[in-house]
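Worksheet for the structure shown next.
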Protein chains: 2
Amino acid sequence: MKISKKSQYGLRSLVYLAQRDKEFSSLRMVSEAENIPFDYLEKIFSKLEKGGLLKSKKGSQGGYTLSKSAAKIKVGQVLRILEGEINLVDCIGPKKCSRRSNCLTITAWDKIQKSLQKTIDSITLKSLID
Amino acid sequence: MKISKKSQYGLRSLVYLAQRDKEFSSLRMVSEAENIPFDYLEKIFSKLEKGGLLKSKKGSQGGYTLSKSAAKIKVGQVLRILEGEINLVDCIGPKKCSRRSNCLTITAWDKIQKSLQKTIDSITLKSLID
DNA sequence: TTAAACACCGACCATTATGGTCGGTATTAC
DNA sequence: GTAATACCGACCATAATGGTCGGTGTTTAA
């Protein structure tokens, strides 16, 4: 029931980039500005890029920038990319649970899960920098 | 971003007890009925008792039962007892964060946290067994 | 009064996830 | 050609999780 440092670092970085609009920032810059371990940030950005939120430019003067407007990026996407598909509980989602049919707790987890999804998808990067 | 097995086991057990109203069920019974490792369940019940949700009776024919009506027990309480105070992110809550003043992500975590709290406190044990 | 059924407790342990580091390669601008 | 960068896989220490074990004290019922 925690949000990992990975996600915290990730969101912080994205906010940083959102504030710099479409200009490219190097890992080094973000890492120093946001005080995030360089090597770790690299892994995070790699995920975010594969997830479609970042665009990169290689070589000297290269770096990263948002792949789309901050208004179109939702915290939910960030979390899903970094944490993986969010299933608060195994019985929800792909993994079936044998007791599922007569398990009364699923109702609860399901409500919580749905509410959480709704919340995280209601927050855009843009709303954070305003 | 997961709900621990501890909490899942905990809630399942509480629902089980809620269905048996005020009668005492032994660890053995709950453990077998709900298919939860006996020794582990013991630790969970111990926490729930200290947390004020369970009442116990020692000795033969002893066991556990809810300490108050199922309508008064909320999923939020269960989670807080088993997971500890829920702070999605360290910067919220007691631990101060040096960059807090100029960190734009706190807004997001705070919203998510508040929404989560609200949701889990809106679900009672009773609502689950109906 | 004894034995069984139970709650209660602290210590231990294996596995996994997390957060982080390292060494090296490929690419680009100057 | 050199410096600055992205990119990648392997490695690793620490902590959290889920679970087990051995033993103690209490109560009931035979």
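Computed over heavy atoms, backbone and side chain alike; hydrogens, waters and symmetry mates excluded. Treat the numbers as computed from the prediction; the structure is a model and nothing was measured. Letters go in sequence order (proteins before strands), and every chain restarts at 1.
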Using a cut-off of less than 4.0 Å, is there contact between a side-chain N or O of B:S56 and OP1 or OP2 of C:dC8? yes
Answer yes or no: side-chain N or O of A:K43 and base N or O of C:dG19 forming a donor-acceptor pair under 3.5 Å. no
Most 5' of A:Y9 and A:Q61 on DNA chain C, judged by nearest nucleotide: A:Y9
Round to a whole Å and report the spacing from CD of A:E83 to P of C:dA17. 13 Å
Rounded distance in Å - CG (B:L48) to P (C:dA7): 14 Å
Sugar-phosphate, base or nothing in reach of A:F45, heavy atoms under 4.0 Å: nothing
Keeping the roles fixed (side chain from A:E49, backbone from A:S46), state whether a donor-acceptor pair exists under 3.5 Å. no
Could you check whether any side-chain N or O of A:T65 sits under 3.5 Å from a backbone N or O of A:F24, counting only pairs where one atom can act as donor and the other as acceptor? no
Relative to the 5' end of DNA chain D, which residue comes earlier, A:D39 or A:M1, by the nucleotide with the nearest heavy atom? A:D39
Considering only side-chain heavy atoms of A:S4, which listed nucleotide, C:dG19, C:dC9, D:dT28, is closest? C:dG19
So if I take every side-chain heavy atom of A:P37 and compare against C:dT28, D:dG18, C:dT21, which nucleotide ends up nearest? C:dT21
Tell me yes or no: between the side chains of B:S13 and B:E34, is some donor less than 3.5 Å from an acceptor? no
Rounded to whole Å, CE of B:M29 lies from P of C:dA7 at a distance of 10 Å
Rounded to the Å, how far apart are A:D90 CG and C:dA17 C1'? 14 Å
Atom-pair distance (NZ on A:K57; P on D:dC7), nearest Å: 12 Å
Show, in sequence, the C-alpha distance, side-chain angles and deciding distance for A:I112 and B:I123, and conclude whether the side chain to side chain contact (heavy atoms under 4.5 Å, CB included) test is met. CA-CA 9 Å; A:I112 298 172; B:I123 310 177; 4.0 Å; yes
A:Y64, nearest nucleotide to its side chain (from D:dA6, D:dG18, C:dG19): D:dA6
Quick note, B:L27 side chain, CB onward, closest among C:dA7, C:dA4, D:dC8 is C:dA7
Using a 4.0 Å heavy-atom cut-off across all strands, classify B:K2 as base, sugar-phosphate, or nothing. nothing
Considering just the side-chain nitrogens and oxygens of A:Y40, establish if one lies under 4.0 Å of OP1 or OP2 belonging to D:dC12. no
What integer distance in Å separates A:F38:CZ from C:dG24:C1'? 14 Å
A:L41 CG - D:dC7 P separation (whole Å): 12 Å
Could you tell me whether B:K55 contacts a base, only the sugar-phosphate backbone, or nothing, with contacts defined as non-hydrogen atoms closer than 4.0 Å? nothing
Remember a base hit wins even if backbone is also touched, and classify A:E42 as base, sugar-phosphate or nothing at under 4.0 Å, heavy atoms. base
Under 3.5 Å, is there a donor-acceptor pair linking the side chains of B:Q8 and A:T105? no
Between A:Q113 (side chain) and A:I86 (backbone), is there a donor-acceptor pair under 3.5 Å? yes
Roughly, in whole Å, what's the span from CD1 in A:I36 to P in C:dG19? 12 Å
It should be established whether A:K50 places a side-chain nitrogen or oxygen under 4.0 Å from OP1 or OP2 of nucleotide D:dA6. no
Base, sugar-phosphate, or nothing: which does B:F24 touch, judged by heavy atoms less than 4.0 Å apart? nothing
